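The structure displayed is predicted, hence computed values, not measured ones. Letters A, B, ... mirror the listed sequences (proteins, then strands); counts begin at 1. Both backbone and side-chain heavy atoms feed into the values below; hydrogens, waters and symmetry mates do not.
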Amino acid sequence: MGKYFSQYCSFVITKHWQLANLPQTFQIIDSDDQLSVLKQVIKSLELDDKVLTPRQAQHFINTRKDHGLRAKDLVAEEGDAWHNRMLHIYTAYEARCQQTGSVDFAELLLRCYELWRDNPSLLAYYQQRFQYILVDEFQDTNPLQYNWLQLLAGQSGQLFVVGDDDQSIYGFRNASAANLANFNQEFPQVQLIRLEQNYRSTGTILEVANTLIARNDQRLGKNLWTQASAGEPIFLYTAYSEMDEARFVAEKVQAYSGQRQEMAILYRTTAQSRLFEEELLQRSIPYRIYGSLRFYERLEIKDMLAYLRLLHHRDDDGAFERIVNTPKRGIGEKTLETLRSIARQQEISLWQAAQHAIETQQLKARASSTLTVFLDLIQQFDEQIKALSLHEKIKHLKTYTGLVAHYQKESKEEAQRRLENLDELINAARQFEQRRSNLPAATTEEANPPIVDILTEFLAHTALEAGEGQGNEWEDCVQLMTLHAAKGLEFEMVFLVGLEENLFPHQNSLDESKLEEERRLCYVGITRARRYLYLCHSETRYRYGNREFGTPSRFIREMPTELIQAVRLSNSIVSPLKSWMALAKGKLHRGERVKHKQFGEGVVLNYEGQGDYARVQIKFASGNKWLMMAYAQLEKLY
DNA sequence: ACTCGTAGGATTTTT
DNA sequence: TCCTACGAGT
């Protein structure tokens, strides 16, 4: 998995930082940080960030890096101004990162690759250290990782890779299943072992998966089979709304008599998790959610880490920018701009620029004094926490930075969550320290090297880990996660939700090449299930502030119908309701109270359009509890 | 320097 | 609906 590549490369270049041409204090930046660096770079080049968006630049750069290409390896293309300007940005970005000692995710790999490539004796050392190499999920490697492995394996290295081209779902990160095909040709004496017998799922689930994935053109080709019986049919639920979808799933979860952690709710986008969370919470069903917002990417965590970083290393400009005015201290954009320009001119860090600006009185009195307060504050903290352990440092900063009060300004509830997260960070730090000190003192020189202090290690850890070790209480919890996070896992019962056009397949992935990856994603989802598979989609969904009518995902249509059993509320309920709405359409105005003999009182929430082309949305209540929402597109009734 | 209002956009998946 | 960028007012 990609994670281990990054972790190991981080380890290697930390150890050989001089050879890798990095400052010892280099810092790993995540995609958000990378984006803000690019924003600044584009601005400093005085380019139009509407035509050359930071996002495009990020994509441009990461794609090249994942192919092992630096800016100097690329050539300007005549007539392609956009490309050439991107190249310009790439060059400036590399210089900027080098100057600030920032290393993005792709850079970790690239540095390590170049380090080995350019230092044969070092490479030889690592080659003899790893005589046998096993790579799992090989279809998720990108070209750079492939070359990295080739380098490490060398001529005599024993390399064993496992992969499934039908589960290649990281194309957006430049992973390529072609690596799997190339492997056969580029390594001498490859022995290929095909695994087509499946020991996990029922025959029905496999048949559905096989039929679906057969639609893809770009395949090495295989057909899974099993000795197991056909098992249950696949169930399909058509919900009225996303709330109804969540309700349905929660009821099934509640009714299940087996272990709860054997159930998983899988969705395409993280945003979909919220409704399921709410529904499960209401019913007091324990659940565990994987990486909703990654722990270490949360604002409060990043703020706190920025304090730690700046305290550790005054020249960390990213950290400086982040906290210089968080909480608000009256240091504004203008002051900062002055500092940035001084820093750029004299090739010094923002911290040094600040000191310099104050000494040489280049700032207005007010800016100068607020800035002095900040510099002194950091120095004070430095004194105060010097002797403390890592988690005590964070605790100290939590109380004295004023971050707490700062968060409380937005909203009480938000602040509460942020505080809890900060406590969680303290916990994580404590655990990290314990694990660190529990390591056997003298194993190999690699396992436990005193190369860097614990803080640096912890910071690298926070940059590379999602922070999933938190909250160990996941026994007996329903598992909620994105389809991407589900790869490699299996469950007795799987709910595949939000199977609607423009959501899954996602609206940004509708062209043919991307569509195949979406289909593989669906294939991954299906094959997570051992026995029970529920497919869910909703007729309507709230999007951008409107309720929109959607169509079922093409992937549902691409599965064999005879294996799918619809479990939608029976037609005996649905049709009378729809015809009633059609009859009542003249009277259905927004806000109107209505009465239905079966569903009782309701209220018309929405009425769009006119006459037969109207879309109506009614909310029915039974007693004081909302029973269901009904939607109808009246034109469909005729 | 900060706060508040309005307009416009919507970019999904992860190390 | 919710986020962001930008401008006016304090």
Side-chain angles (χ1 to χ4, degrees), chain A residues 1-10 28-36 39 43 49-50 53-56 58-59 62 65-66 103-110 112 137 140-142 144-145 167-175 242 266-274 290-294 296-297 299 324-337 364 366-367 369-371 406 409-410 460-468 481-487 498 502-510 514-515 517-518 520-522 524-525 541-548:
Chain A
M1 271 183 77
K3 183 164 141 182
Y4 300 110
F5 279 103
S6 302
Q7 282 179 355
Y8 195 67
C9 290
S10 155
I28 302 165
I29 56 171
D30 66 20
S31 334
D32 284 351
D33 301 331
Q34 185 184 34
L35 206 59
S36 45
K39 222 177 258 176
K43 208 172 185 182
D49 65 359
K50 299 280 177 335
T53 66
R55 251 182 212 293
Q56 287 172 325
Q58 186 178 38
H59 181 250
N62 288 343
K65 283 197 183 184
D66 285 342
V103 175
D104 61 46
F105 288 133
E107 185 74 24
L108 285 171
L109 259 298
L110 190 50
C112 185
E137 308 280 13
D140 293 336
T141 52
N142 64 37
L144 178 59
Q145 289 167 331
Q167 294 192 51
S168 167
I169 54 174
Y170 285 103
F172 65 91
R173 203 165 79 179
N174 303 304
E242 67 276 26
L266 308 181
Y267 35 80
R268 174 68 240 262
T269 66
T270 44
Q272 287 166 260
S273 71
R274 228 192 58 224
Y290 282 77
S292 47
L293 286 177
R294 285 184 160 47
Y296 292 116
E297 280 172 16
L299 176 117
V324 66
N325 203 28
T326 314
K328 300 258 178 322
R329 331 186 143 83
I331 301 169
E333 199 44 45
K334 220 162 160 222
T335 313
L336 263 174
E337 205 37 71
K364 295 244 171 71
R366 175 131 148 243
S369 76
T370 49
L371 205 49
H406 174 68
K409 272 189 204 149
E410 21 177 350
H461 168 82
T462 59
L464 295 173
E465 284 283 330
E468 232 119 61
M481 66 193 86
T482 63
L483 285 151
H484 283 87
K487 190 155 65 68
N502 297 325
L503 184 59
F504 190 28
H506 195 269
Q507 55 184 347
N508 303 339
S509 304
L510 294 178
K514 284 183 164 178
L515 193 64
E517 181 152 314
E518 294 285 305
R520 290 193 290 268
L521 202 50
C522 189
V524 166
R541 191 169 287 271
Y542 208 53
R543 271 186 132 193
Y544 305 142
N546 295 309
R547 183 151 291 284
E548 288 176 7

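- Across the protein-nucleic acid pair, A:Asp33 atom CG and B:dT14 atom P stand 18 Å apart, rounded to whole Å.
- Within the nucleic acid shown, A:Phe504 has no heavy atom closer than 4.0 Å to any nucleic acid atom.
- If you find the closest nucleotide of DNA chain B to A:Ala367 and to A:Arg55, the one lying nearer the 5' end belongs to A:Ala367.
- Here the side chain of A:Thr269 is nearest to one of C:dA5, B:dT13, B:dA1, namely B:dT13.
- The side-chain heavy atoms of A:Glu548 and A:Asn502, taken from C-beta on, include no pair separated by under 4.5 Å.
- Of the possible donor and acceptor atoms, one in the side chain of A:Asn325 sits under 3.5 Å from a partner among the backbone N and O of A:Gly330.
- Ring-to-base geometry places A:His506 in a stacked arrangement with B:dT12 (centre distance under 5.5 Å, plane angle under 30°).
- Side chains of A:Phe172 and A:His484 form a contact here, defined as non-hydrogen atoms less than 4.5 Å apart.
- Between A:Thr335 and B:dA1 there is a side-chain polar atom (N or O) within less than 4.0 angstrom of OP1 or OP2.
- Within 6.0 Å of CZ on A:Arg274 lie no more than 12 heavy atoms contributed by other residues, nucleotides or ligands.
- Closest approach to the A:His484 side chain among B:dT14, B:dT15, B:dT12 is made by B:dT14 (side chain taken as heavy atoms from C-beta onward).
- When rounded to the nearest whole Å, the span between CD of A:Gln272 and P of B:dT13 equals 9 Å.
- Put simply, CG on A:Asp66 is 11 Å from C1' on B:dT14, counting in whole angstrom units.
- Look at NZ on A:Lys39: it is 10 Å from P on C:dC6, rounded to the nearest Å.
- At a threshold of 4.5 Å between non-hydrogen side-chain atoms, the residues A:Thr370 and A:Thr335 do not count as touching.
- Using a 4.0 Å cut-off between charged nitrogen and carboxylate oxygen, A:Lys334 and A:Glu337 do not count as a salt-bridge pair.
- Comparing the P positions of B:dT13 and C:dT4 gives a spacing of 16 Å, expressed to the nearest Å.
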Report summary line: B/S/- along nucleotides 2-10 of chain B (protein heavy atoms under 4.0 Å) is SS------B

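- You'll find the side chain of A:Lys487 reaches within 4.5 Å of the side chain of A:Tyr170, heavy atoms only.
- Judged by distance alone, with hydrogens and angles left aside, A:Arg268 brings a side-chain donor or acceptor within reach of the base of B:dT12, the pair sitting under 3.5 Å.
- Closest contact between the side chain of A:Glu518 and the listed nucleotides B:dT12, B:dT14, B:dA1 involves B:dT12.
- Of the candidate nucleotides B:dT15, B:dT12, C:dT1, B:dT12 has the atom lying nearest to any side-chain atom of A:Lys514.
- The side chain of A:Thr482 contributes no N or O atom lying less than 4.0 Å from OP1 or OP2 of B:dT12.
- The CG atom of A:Leu510 sits 11 Å away from the P atom of B:dT11 (whole-angstrom rounding).
- The side chain of A:Thr270 lies closest to B:dT13 when the candidates are B:dT13, B:dT15, B:dA1.
- In this structure, A:His461 atom NE2 and B:dT15 atom C1' are separated by 14 Å, rounded to whole Å.
- The A:Tyr170 side chain lies nearest to B:dT14 when the options are C:dA5, B:dT12, B:dT14.
- Straight-line distance from the OH atom of A:Tyr290 to the P atom of B:dT15: 13 Å, rounded to whole Å.
- A:Asn174 pairs in a side chain to side chain donor-acceptor pair (under 3.5 Å) with only one of the listed residues (A:Thr141, A:Asn142, A:Asn62, A:Asp66), which is A:Asp66.
- Between the OH atom of A:Tyr4 and the C1' atom of B:dT14 there is a distance of 14 Å, given to the nearest Å.
- Between C:dA5 and B:dT12, the two P atoms lie 16 Å apart (nearest whole Å).
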